[in-house]
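Every number for a ligand or one of its atoms is a count from 1 in the order of the listing. We count residues from 1, following the sequence as given.
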Amino acid sequence: MPPDIIPPIDPPGPIPSGSVPPSVPARAAAARARLDALWARGTDFLGCRYAIMGGAMSWVSERHLVAAISNAGGFGVIACGSMNPDLLAAEIAGTQALTEKPFGVNLITMHPQLDDLVSVCLNAKIGHIVLAGGIPPGTAVRAVKDGGAKLIAFTPALVLAKRLVRSGADALVIEGSEAGGHIGPVSLTVLAQEILPHIHEVPIFVAGGIGRGEAILAFLEMGASGAQLGTRFAAATESIAHPNFKRAFIRANARDAIPSIQLDERFPVIPVRGLVNQGTKRFLAHQATTRDRFNAGELTKEAAQLEIEHFWAGALRRAVIDGDIENGSMMAGQSVGMVTAEQPTAAIIAELVDQAAAALAARQP
Ligand SMILES: Cc1cc2nc3c(=O)[nH]c(=O)nc-3n(C[C@H](O)[C@H](O)[C@H](O)COP(=O)(O)O)c2cc1C
């Protein structure tokens with residue numbers, strides 16, 4: 001249902017003089033009901049209590065965090081990353097052993113075994129498959145749909161949103177440049193205005209820089225069906241991220257999470273937002289040395305590009321699992337400033353829901 005035709009639950013207009021204002025508990029209950037109505041399309045689509053998706057984070061979004069998010073009423077998503085089909089099958093089975101609630105799987109479109117990974121998901125009766133990292137190939141889209149799963153895709157612009165809906169996407173994620181990990185150039189504030197008023201065919205989930213319930217509420221009121229958060233869950237108690245990784249998130253401010261910098265336009269660097277560390281500084285030096293070697297004729301252009309791309313190979317694992325927060329890749333969104341403690345996943349979700357509901361309740365007469 002398009003959000004503009006959701007019927008208002010609160011009585012419109014001022015309370016007639018002489019009538020008794022609603023009690024605090026009644027106001028809170030009405031706010032919860034309004035919130036439930038605002039994200040009903042998202043909760044119906046995902047099959048969960050709250051339309052809060054745990055954004056897939058490679059190495060972080062494995063069985064424990066994913067199950068914790070789904071058990072708390074949100075929607076956890078396994079990050080397949082570079083896992084092979086056997087590893088993914090084991091991760092799905094491990095997650096199913098920890099929760100009976102629905103959860104999804106995020107697959108990267110350029111994975112060389114994408115079709116096999118889709119089959120693994122379908123065999124395990126995964127209901128929602130997220131295809132990330134580029135426009136999903138037609139074969140994968142058909143396989144997901146023919147297999148009976150719902151397809152969730154990312155869109156970086158309105159024109160692509162329309163194309164994805166035409167080609168069968170059942171829901172879209174719009175992720176602003178505030179997000180952690182690989183990012184596009186446009187903020188969620190702008191993407192939301194560009195896309196939400198024009199796409200009503202499928203539910204849309206917003207992502208990037210979201211750290212509080214009031215922000216979720218604002219995007220629901222603009223027409224989103226739910227939100228996807230990554231960074232806030234990375235330091236959750238159930239996250240297997242190394243204590244060093246979690247401590248760095250708790251210490252960091254929004255301004256510490258910056259996109260990777262490209263030194264030379266001849267050698268493109270896909271922007272990745274993360275915490276500044278020795279690795280990000282060495283990456284700049286590495287680009288400079290590689291460019292100089294290319295200029296001196298020591299490397300071909302292709303070899304130089306590969307040298308630059310290989311710099312970060314294995315770096316996210318180094319940070320998340322090994323705890324090497326100086327040389328690893330510390331992918332984090334600007335919302336990292338709102339990570340202030342290691343909290344149980346259920347407490348994070350309850351806090352987000354409470355903030356959204358409290359903002360609604362405060363408006364009522
Ligand atoms: C450590 C980290 C790893 C991530 N890995 C992936 C990934 O493998 N696939 C993906 O689609 N998005 C990935 N993301 C993006 C998240 O799914 C999510 O969209 C993003 O974190 C939302 O923005 P936020 O961090 O401001 O909440 C990653 C984000 C982080 C912080």
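Under the 4.0 Å criterion applied to side-chain N and carboxylate O atoms, R32 and D354 are assigned as salt-bridge partners. Under 4.0 Å is where a charged nitrogen must lie from a carboxylate oxygen, and between E175 and R273 no such pair does.
Here is the list of ligand 1 atoms found below 4.0 Å of a heavy atom in G208: 22 (C), 23 (O), 26 (O). Of all atoms in ligand 1, listed by their number and element, those nearer than 4.0 Å to a heavy atom of A132 are 11 (O). Under a 4.0 Å criterion applied to the non-hydrogen atoms of Q228, ligand 1 contributes the atoms 17 (O), 18 (C), 19 (O). Those atoms of ligand 1 that come under 4.0 Å of a heavy atom in S335, given as number and element, are 24 (P), 26 (O), 27 (O). Each of the atoms 17 (O) of ligand 1 lies under 4.0 Å from some heavy atom of G55. Every atom of ligand 1 with a heavy atom of L229 under 4.0 Å away is listed here by number and element: 27 (O).
Under a cut-off of 6.0 angstrom, the local environment of CZ in R282 is crowded, with over 12 non-hydrogen atoms contributed by other residues, nucleotides or ligands. For NZ of K150, the number of neighbouring non-hydrogen atoms (other residues, nucleotides, ligands) closer than 6.0 Å is 12 at most. Around the CD1 atom of I270, the shell of radius 6.0 Å holds no more than 12 heavy atoms that belong to other residues, nucleotides or ligands.
By the criterion of a heavy-atom distance under 4.0 Å, neither the backbone nor the side chain of V130 is placed next to ligand 1.
The shortest N/O to N/O separation between S58 and ligand 1 falls below 3.5 Å. Between A207 and ligand 1, a contact under 3.5 Å exists for no N or O pair. Of the N or O atoms in E175, one or more lie within a sub-3.5 Å distance of an N or O in ligand 1. Polar contact with ligand 1: absent for V60 (N/O pair, distance under 3.5 Å).
When the heavy-atom distances from atom 15 (C) of ligand 1 to G230, G180, G181 are ranked, the shortest goes to G180. When the heavy atoms of M330, M57, M53 are ranked by distance to atom 2 (C) of ligand 1, first place goes to M57.
At a 4.0 Å cut-off, not a single heavy atom of A234 sits close enough to ligand 1 to count as contact.
Of the protein's non-hydrogen atoms, A179 CB, 3.3 Å is the one closest to atom 23 (O) of ligand 1. What sits closest to atom 6 (C) of ligand 1 on the protein, heavy atoms only, is A56 O, 2.9 Å. Closest to atom 26 (O) of ligand 1, if we only count protein heavy atoms, is G209 N, 2.8 Å. Counting only heavy atoms of the protein, atom 11 (O) of ligand 1 lies nearest to N106 ND2, 3.0 Å. The nearest heavy-atom contact from the protein to atom 31 (C) of ligand 1 is M331 O, 3.5 Å. Looking from atom 25 (O) of ligand 1 to the surrounding protein, the closest heavy atom is T231 OG1, 2.5 Å.
Contact annotation: the side chain of L65 never approaches that of I240 to less than 4.5 Å [non-hydrogen atoms, C-beta and beyond].
Atom CZ of F245 sits about 11.5 Å away from atom CD1 of I250, to the nearest 0.5 Å.
Remark: K301 qualifies as a cation-pi partner of F267 under the 6.0 Å distance and 45° angle criteria applied to the six-membered ring.
Between D170 and the options I129, I152, L151, a side chain to side chain contact (heavy atoms under 4.5 Å, CB included) holds for only L151.
No close placement of the H128 and F103 rings is indicated, their centers lying 6.0 Å or farther apart.
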(request) Start with the C-alpha gap between K162 and E201, add the side-chain angles, then the distance that decides, and say whether salt bridge (charged side-chain N to carboxylate O under 4.0 Å, His left out) holds. (result) CA-CA 9 Å; K162 290 181 174 166; E201 298 88 335; over 6 Å; no
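L220 and I210 fall within the same hydrophobic cluster, where Ile, Leu, Val, Met, Phe, Trp and Tyr residues are linked whenever their side-chain heavy atoms come under 4.5 Å apart, directly or through other members.
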